[in-house]
Amino acid sequence: DIGHVHPLSRVQHDVENIFGQMGFEVADGQEVESEYYNFEGLNIPADHPARDMQDTFFLKNKHHEKLGRMVLRRQSSPVQIRSMEKYGAPLRIIIRGRVFRYEATDVSHDTTFYQVEGLMIDEKISLAHLKGVMKEFLTRLFQREMKVRFRPGYFPFVEPGIELDMSCI
């Protein structure tokens, strides 16, 4: 056979199917975003240290009268804000797509990459739910039982900050 599914497309399809089976909807968003949705709406004001961590691609001569300068989104999180505004709670979504960061490239960094993030809002949701969702997701993705653990991690844009470790396959 000529041709095949690109590895990134295959992983994206698998991720969407797994989370879909777990009751999550896939939310899409625009890659060109306003400063408001890319920063302020995510509790990252102009003087917040998270704005210094990665430089942003600002678009020349592009400005929204109420929402600020236009940028290439640095994370897919603006879709969280837009989804909460549109649907309210409860909400269970994953967001996937390209993001852009103005930084030096090397073997583990590029200016454009794909990101997947999730958002679950409901009563009585805890970090235990997050851990269970991630364990189930990774078990389904790798098609074998996966062990996971949380470790404290510092991220200036979220509190509490945690990192997820998984068993080696």
Which ILVMFWY residues can you reach from V99 by hopping between side chains whose heavy atoms are under 4.5 Å apart?
F113

When you measure from the side chain of E33 to the backbone N and O of V71, does any donor-acceptor pair fall under 3.5 Å?
no

Report, as yes or no, whether the 6.0 Å neighbourhood of atom OH on Y87 holds more than 12 heavy atoms from other residues, nucleotides or ligands.
no

Those residues at least two apart in sequence (or on a different chain) that pass side chain to side chain donor-acceptor pair (under 3.5 Å) with E85 are Y37

Counting N and O atoms only, with roles assigned by atom type, does the side chain of S76 sit under 3.5 Å from a partner on the main chain of R96, one being a donor and the other an acceptor?
no

Quick one, E117 with Q80, criterion side-chain contact (heavy atoms from CB on, under 4.5 Å). Give me CA distance, side-chain angles, the key distance, then yes/no.
CA-CA 9 Å; E117 65 180 275; Q80 288 187 19; 2.3 Å; yes

Indicate yes or no for a side-chain donor-acceptor contact from R149 to the backbone of S167 under 3.5 Å, with no hydrogens or angles considered.
no

Any heavy-atom pair between the side chains of R92 and E25 that's under 4.5 Å?
no

Is it the case that one hydrophobic cluster holds both I162 and L164, taking links as side-chain heavy atoms less than 4.5 Å apart, direct or via other members?
yes

Check whether I94 and I125 end up in the same hydrophobic cluster, where Ile, Leu, Val, Met, Phe, Trp and Tyr are linked by side-chain heavy atoms less than 4.5 Å apart.
yes

Any idea which heavy atoms bring M84 and L119 closest together, and the distance?
CG-CD2, 4.1 Å

Which heavy atom of V26 sits nearest a heavy atom of E16, and at what distance?
CG2-CG, 3.9 Å

Would a 4.5 Å heavy-atom cut-off, applied to side chains only, mark L127 and P160 as touching?
yes

Residue pair Q30 / V79, side-chain heavy-atom distance below 4.5 Å:
no

side-chain contact (heavy atoms from CB on, under 4.5 Å) between T139 and R144, worked out
CA-CA 5 Å; T139 294; R144 63 184 67 175; over 6 Å; no

I'd like to know whether M166 forms a side-chain contact (heavy atoms from CB on, under 4.5 Å) with F142, so could you lay out the CA-CA distance, the side-chain angles of the two residues, the decisive distance to 0.1 Å, and finally the verdict.
CA-CA 11 Å; M166 67 179 201; F142 292 111; 3.6 Å; yes

Any chance NE2 of H63 has more than 12 other-residue heavy atoms, nucleotides or ligands included, within less than 6.0 Å?
yes

Any side-chain donor near an acceptor of the partner, R101 and Q75, under 3.5 Å
no

Determine, for D165 against R151, whether the closest basic-nitrogen to carboxylate-oxygen distance falls under 4.0 angstrom.
yes

Do Y114 and L72 sit in one hydrophobic cluster, given that two such residues count as connected whenever their side-chain heavy atoms are within less than 4.5 Å of each other, even indirectly?
no

Please find the pair of heavy atoms, one from D106 and one from S108, that lie closest to each other, and give the distance.
OD1-N, 2.8 Å

The side chain to side chain donor-acceptor pair (under 3.5 Å) partners of D110 (sequence neighbours excluded) come to none

Taking the six-membered ring for Trp, are F100 and F57 closer than 6.0 Å centroid to centroid?
no

So which atom in P78 and which in L42 form the shortest heavy-atom distance, rounded to 0.1 Å?
N-CD1, 4.2 Å

Does the side chain of F24 reach to within under 4.5 Å of the side chain of M120, using non-hydrogen atoms?
yes

E103/R74 ion pair, N-O < 4.0 Å
no

Minimum side-chain heavy-atom gap R73-V32 below 4.5 Å:
no

Check: H129 side chain, S126 main-chain N or O, donor-acceptor pair, under 3.5 Å:
yes

Less than 4.5 Å apart, side chain to side chain, heavy atoms only: is that true for I95 and V116?
no

Enter the distance from S34:OG to L59:CG here, rounded to the nearest 0.5 Å.
11.0 Å

Side-chain heavy atoms of I81 within contact of S83, under 4.5 Å:
no

Side chains of T56 and Y102, heavy atoms from C-beta outward: is any pair under 4.5 Å?
no

How many angstroms lie between atom CG of N38 and atom CE of M70, to the nearest 0.5 angstrom?
9.5 Å

Checking K135 side chain against M146 main chain: does a donor-acceptor pair fall under 3.5 Å?
yes

Rounded to the nearest 0.5 Å, how far does CG of L138 lie from CE of M134?
5.0 Å

